[in-house]
Amino acid sequence: MSGAPETITGTAMSDSQVTPVVKKPWRARAIQAVRILAALGIAYFIVATTVQQWSDVSATFRSLSWPSLGASLAAAVACLWATMMAWRSMVGSLDHPLRVRDAAPIQLVGALGKYLPGTVWAYVVQMERAAASACPARRSSSAPRSSPAWA
């Protein structure tokens, strides 16, 4: 053995060919942990609420028809789309226009935060996603407060 690192096939490699292991900074690991905890929290509260109210949930589902379920699903998707487009327009009016492809995950994932206790989660997720799209956090968080619904 020559003392040089070897590949799986046993051929020797020089030091210039060895790629150093780059550790993630602690902040990136902390943000990833918060994302995972937030997703688990949302899932837990949705499941816990459904289980707690299962008798009402199952009775409601039995009383609904397939056409009414389809129509309500279409209305819910249209409402989510309209809300996302309104948020995108508000951010755009603050001098930072976003593509629909960038605005959708920011607003829609941020909207899931309302299912966690405390209203801060929606803003945290929304600002984090906005920063990933090069939208300043101030603009992404001030757009919802600029809405007439908050007045």
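Nothing fancy with the numbering, it's 1 onward along the sequence.
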Are Val51 and Ile46 linked, directly or through intermediate hydrophobic residues, by side-chain heavy-atom contacts shorter than 4.5 Å (ILVMFWY only)?
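No, separate clusters.
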Hey, quick one: are Trp54 and Leu64 part of the same hydrophobic cluster, counting side-chain heavy atoms closer than 4.5 Å, chains of contacts allowed?
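Yes, one cluster joins them.
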Under 3.5 Å, which donor-acceptor pairs link side chains of residues 69-84 to any protein atom two or more places apart or in another chain?
{"residue": "Ser72", "atom": "OG", "partner": "Ser68", "partner atom": "O", "Å": "3.1"}
{"residue": "Ser72", "atom": "OG", "partner": "Leu69", "partner atom": "O", "Å": "2.9"}
{"residue": "Thr83", "atom": "OG1", "partner": "Cys79", "partner atom": "O", "Å": "2.8"}

Quick one: which residue pairs count as a side-chain hydrogen bond (donor to acceptor under 3.5 Å, both in side chains) with a foot in residues 44-53, not counting sequence neighbours?
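For residues 44-53: none.
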Kindly write out the residues that satisfy side-chain contact (heavy atoms from CB on, under 4.5 Å) with Ser89, not counting sequence neighbours, or none if the list is empty.
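Result, side-chain contact (heavy atoms from CB on, under 4.5 Å) vs Ser89: none returned.
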Can any side-chain N or O of Arg88 pair as donor or acceptor with the backbone N or O of Ala104 at less than 3.5 Å?
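Checked: no pair found.
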